[in-house]
Structures are given as structure tokens and as C-alpha cells.
Amino acid sequence: MLTGEILKKHAMALYDFCEYPAVRYKILFSLLDIPYEDERLARLRGDFLHSDIVEEMYQTQGDNGGWGRLRSKDYSVKARIPTSEVGIERCLYIGLTLEDRDILFMAREYLLSLLEGTAGERVFEKNERANPWQTALVCRLLEEISPYSEESDDTYNRWLYIAQRAYASGEYSQEEDLAAQHEVFYTREAKLVPMQSELLLKRRDRVPPELEEAMLRHLGGMANERGYFWACTPGKLPEDFVYRQTRRWFKTFNYINQFRGSGRYLENAVSWLLEQAGENGLWDWGPQVKDPWGYFGYFSCNRHYSHNRVVDCSMEILSFLKKYLENQKSVN
């Protein structure tokens, strides 16, 4: 069973394994919850903020605060950071905050310009369902950078209303979901905008426990049975961790793990991960790291060394385990 002490043991194994300041900063700040003002973080912060991984984000960021288009990759440009969504997610993943340089401050200004329609970028499509879906994406990123941003209030309240209607009986109703979306977004198609659970849970205190429980049973249960983006489910784990598709399981793992009580579907997956740690307490994807290559879940500018592969793999697993542990504590 995963405990705080077990998580700390593996986190410190990675801390000892890798002296790279961005890795050590992430471990202390994000995995071990060392306060931002703590002296240990303060000593690392200068090296972290001028490490190659942060400098890369600074140098590749556009004057508008983004990294190209929000979601649509421009294939005429060979960019390491293919979209602004990926760029923002990577900044957050490595541990940057609004207090650090001006990278996320500029990114926030970019997102606000999308909401205001002043970005000079055509983001919102003609498809009537694409507009509310992409607006919710922008607001979710805003909430990750700056929680409880007032610019997200209207979009958030709309989706909370839709979710409460869809799960009013304690079980999911597609008919109620569709009726609420037609009412709120004035859509007419008989197709749904996917439920924006990621946005809703950014303000977890606004989501009644019974609503989150209902979403876990429906959305988390469906992901558990069918996979999320890939046909990879917690019930179909390979015997060997170093497997060509192991990396893909984390789309499903992280989707289910957004909910409190995620252990209902992920308990076996967590046990499997803990068993797969090496003698040094770390994990290695193995040579299958390139299939597929994660855009933001990595801590180095070079993916060709096994040392970096161990760091990237271990950090992704530890980040997942940290969230999982928090979710189990919140329901006990």
C-alpha cells in the first residue's frame, strides 16, 4: 500500500540520483510540498530559473505569451514546443509559478487575449460544440496558472450547472446533459461537448462530494473499462514494465486520478508500479521511450541518454503517485 513515507523514499532516491537543479526543485516543491519561501528552495531557485529547461521555455515563448497556436500545430514550423497548450502545461509541470520570471505571467495574458478575442489567432471553430469546449480549455489553463481567476467564473459556473443537471439523480443522464448544454450554449446538434471535469475540479470546494463521486463512477469507470485516449486500461497491465506502450497507460491513469477515491480503479495499477521500481528505487521506461515521445513530461533538453530517461520516467510516476495519495487521504 502506498504511504507518504514510501513516496518520500522514492522521491529522495531520485533526488540523490540526479543533481540537475530543475529536477531537485520539482521534487522538493511539488512532490514533498516544501513551502515556496523555504530556505532549501530559495537556494535552488536561482539555478532552477536559469536552467536550460526554463531558459528553453523563455526563449521559445512568443511576444504574445504563447508558443504558436493554442492547439493546432503549425507543421510548417519545426518547433520543439508544438502548441501553446503544450508550452503552458510544460511550464506548470516543471514547477514554474507566476512568481518566477515572467513566463507564466505572459502566458496568462495570452490566454486572456483568447477569451477577449484580441489574440489575432483563430482558435474557436465554426463547429458549435468546439467553441464551448475550447473556451473551457482556456479557462482550465487559466485556473492552473492562477486559481479562481474571475475571468473563468462564467465558464466555470456554466459547466457546474451542466454537471449538476447531468448527475442530478446520482447517475449520469445523457438526456439531461444534452438538455442543459442546449440551454446554456444554445447548441442544436444531438452531440455532446465532453464533460469538462478537469475544469470543474480546479475548484474542488465548489463541487459537492456526491457529484464528484458520480463523475468518478461514470467517467473514471468508463476510462477504467475502455481506456482514455488509448486502448490501455488498468485491467490490462503488461507483466513487464519495459514494454513498448507502457508510457501510454498514463493518459488513462491521470484521467482517472483527477477524482477523489480514484483508488477504486487504480489500486492494482499503483501496486504494479511500486513493484516495478528498480533496486535504486527508480523506474526506467526502457528503449521504448520514443513511442510515443511526451511533449511536456520531461526534464531535459536531450532525450537520448538513459540517465534522462530514468529521470523522466521516475518523475512522471512519482507525480502520479503523489496525486493518488492526496486523493485517497481526502476520502478517508
Side-chain angles (χ1 to χ4, degrees), residues 49 53-163 180-189 191-204 206 258 295-296:
L49 293 180
I53 193 169
V54 176
E55 193 64 31
E56 179 184 41
M57 302 312 299
Y58 181 78
Q59 295 295 337
T60 56
Q61 188 174 30
D63 292 338
N64 67 345
W67 288 264
R69 299 171 184 167
L70 176 66
R71 297 193 70 250
S72 301
K73 181 177 180 180
D74 184 354
Y75 288 95
S76 67
V77 178
K78 293 183 178 180
R80 287 182 61 84
I81 310 299
T83 67
S84 289
E85 179 188 7
V86 168
I88 293 170
E89 291 278 16
R90 190 180 184 203
C91 288
L92 293 163
Y93 183 76
I94 64 179
L96 283 173
T97 72
L98 277 173
E99 306 296 324
D100 303 319
R101 301 181 72 164
D102 60 356
I103 300 175
L104 282 179
F105 175 83
M106 291 295 296
R108 187 177 190 278
E109 293 298 301
Y110 164 74
L111 293 172
L112 292 176
S113 71
L114 292 176
L115 289 181
E116 296 164 358
T118 61
E121 173 185 344
R122 185 174 179 179
V123 177
F124 305 104
E125 303 173 9
K126 293 181 179 179
N127 183 316
E128 64 176 6
R129 289 173 291 110
N131 291 341
W133 183 81
Q134 294 190 85
T135 300
L137 167 63
V138 172
C139 290
R140 176 179 65 79
L141 293 173
L142 268 176
E143 289 293 292
E144 291 186 15
I145 294 173
S146 182
Y148 294 88
S149 296
E150 62 179 17
E151 295 86 357
S152 303
D153 287 350
D154 183 60
T155 298
Y156 184 90
N157 291 334
R158 290 181 178 208
W159 278 106
L160 182 59
Y161 171 76
I162 292 168
Q181 291 193 23
H182 284 174
E183 176 187 339
V184 170
F185 300 130
Y186 304 108
T187 52
R188 292 172 294 178
E189 294 183 16
K191 294 182 179 179
L192 289 164
V193 181
M195 183 62 66
Q196 300 300 305
S197 54
E198 294 96 330
L199 171 61
L200 290 173
L201 293 174
K202 293 303 175 188
R203 302 181 181 184
R204 181 165 259 142
R206 299 269 321 268
Q258 67 181 302
Y295 282 122
F296 66 88

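- Residues Leu142 and Ile145 form no side-chain contact, since every pair of their non-hydrogen atoms from C-beta on lies 4.5 Å or further apart.
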From CA spacing to verdict: side-chain contact (heavy atoms from CB on, under 4.5 Å), Ile53, Arg90: CA-CA 10 Å; Ile53 193 169; Arg90 190 180 184 203; 3.2 Å; yes
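- Between Leu111 and Ser84 the shortest side-chain heavy-atom distance does not fall below 4.5 Å.
- We find that Arg140 and Glu144 are joined by a salt bridge, their nearest charged nitrogen and carboxylate oxygen being less than 4.0 Å apart.
- A distance-only check finds a donor-acceptor pair linking the side chain of Thr135 to the backbone of Asn131 [under 3.5 Å].
- Of all heavy-atom pairs spanning Thr83 and Arg71, the tightest one is CG2-O, 3.1 Å.
- Using a distance-only test at 3.5 Å, with no hydrogens or angles considered, a donor-acceptor pair links the side chain of Glu128 to the main chain of Arg188.
- Among residues two or more places apart in sequence or in another chain, the side-chain hydrogen bond (donor to acceptor under 3.5 Å, both in side chains) test is passed with Gln196 by none.
- Leu137 places a side-chain heavy atom less than 4.5 Å from the side chain of Leu70.
- Annotation: side chain to side chain contact (heavy atoms under 4.5 Å, CB included) contacts of Glu116 (sequence neighbours excluded): Leu112, Thr118.
- Not counting sequence neighbours, Asp100 has no partner by the salt bridge (Lys or Arg N to Asp or Glu O under 4.0 Å) test.
- In this structure, the separation between CD1 on Ile94 and CE on Met57 is 6.5 Å, given to the nearest 0.5 Å.
- In this structure, the separation between CG on Asp154 and SG on Cys139 is 8.5 Å, given to the nearest 0.5 Å.
- The closest side-chain heavy-atom distance from Arg158 to Phe185 is below 4.5 Å.
- Counting heavy atoms from C-beta outward, Val193 and Ile162 have side chains that stay 4.5 Å or more apart.
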Begin with the C-alpha distance, continue with both residues' side-chain angles, and end with the deciding distance and a verdict on side-chain contact (heavy atoms from CB on, under 4.5 Å) for Glu89 and Leu141. CA-CA 8 Å; Glu89 291 278 16; Leu141 293 173; 3.9 Å; yes
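- Partners of Ser113 by side-chain hydrogen bond (donor to acceptor under 3.5 Å, both in side chains), not counting sequence neighbours: none found.
- Taking CD of Glu189 as the start and CZ of Arg129 as the end, the distance is 4.5 Å to the nearest 0.5 Å.
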Evaluate the side-chain hydrogen bond (donor to acceptor under 3.5 Å, both in side chains) criterion for residues Tyr161 and Glu183: first the C-alpha distance (whole Å), next the side-chain angles of each, then the deciding distance (0.1 Å), finally the verdict. CA-CA 11 Å; Tyr161 171 76; Glu183 176 187 339; 3.1 Å; yes
Expected list for residues 102-109: side-chain donor-acceptor pairs under 3.5 angstrom, two or more places apart:
| from | atom 1 | to | atom 2 | distance (Å) |
| --- | --- | --- | --- | --- |
| Arg108 | NH2 | Ser149 | OG | 3.3 |
| Arg108 | NH2 | Glu151 | OE1 | 3.1 |

Run the side-chain contact (heavy atoms from CB on, under 4.5 Å) check on Asn157 and Arg206 step by step: do they pass? CA-CA 10 Å; Asn157 291 334; Arg206 299 269 321 268; 3.1 Å; yes
Hey, mind stepping through Val184 and Trp159 against side-chain contact (heavy atoms from CB on, under 4.5 Å) and telling me if it holds? CA-CA 9 Å; Val184 170; Trp159 278 106; over 6 Å; no
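- Residues passing the side chain to side chain contact (heavy atoms under 4.5 Å, CB included) test with Glu55, sequence neighbours excluded: Tyr58, Gln59, Arg101.
- With sequence neighbours left out, the side chain to side chain contact (heavy atoms under 4.5 Å, CB included) criterion links Glu99 to Tyr36, Thr97.
- With contacts defined as side-chain heavy-atom distances shorter than 4.5 Å, the pair Gln61/Ile81 does not qualify.
- Gln258 and Arg204 get closest at one heavy-atom pair: O-NH2, 2.6 Å.
- With sequence neighbours excluded, the residues satisfying side-chain hydrogen bond (donor to acceptor under 3.5 Å, both in side chains) with Arg203 are Glu143, Asp153.
- In terms of heavy-atom proximity, Pro194 sits nearest to Trp133 at CD-CD1, 3.7 Å.
- Screening residues 58-68 for salt bridge (charged side-chain N to carboxylate O under 4.0 Å, His left out) gives no qualifying pairs among residues at least two apart or on separate chains.
- A search for side chain to side chain contact (heavy atoms under 4.5 Å, CB included) contacts involving Pro147 returns nothing, not counting sequence neighbours.
- In this structure, Trp67 has no ring pair (Phe, Tyr, Trp, His ring centres under 6.0 Å) partners at least two apart in sequence or on a different chain.
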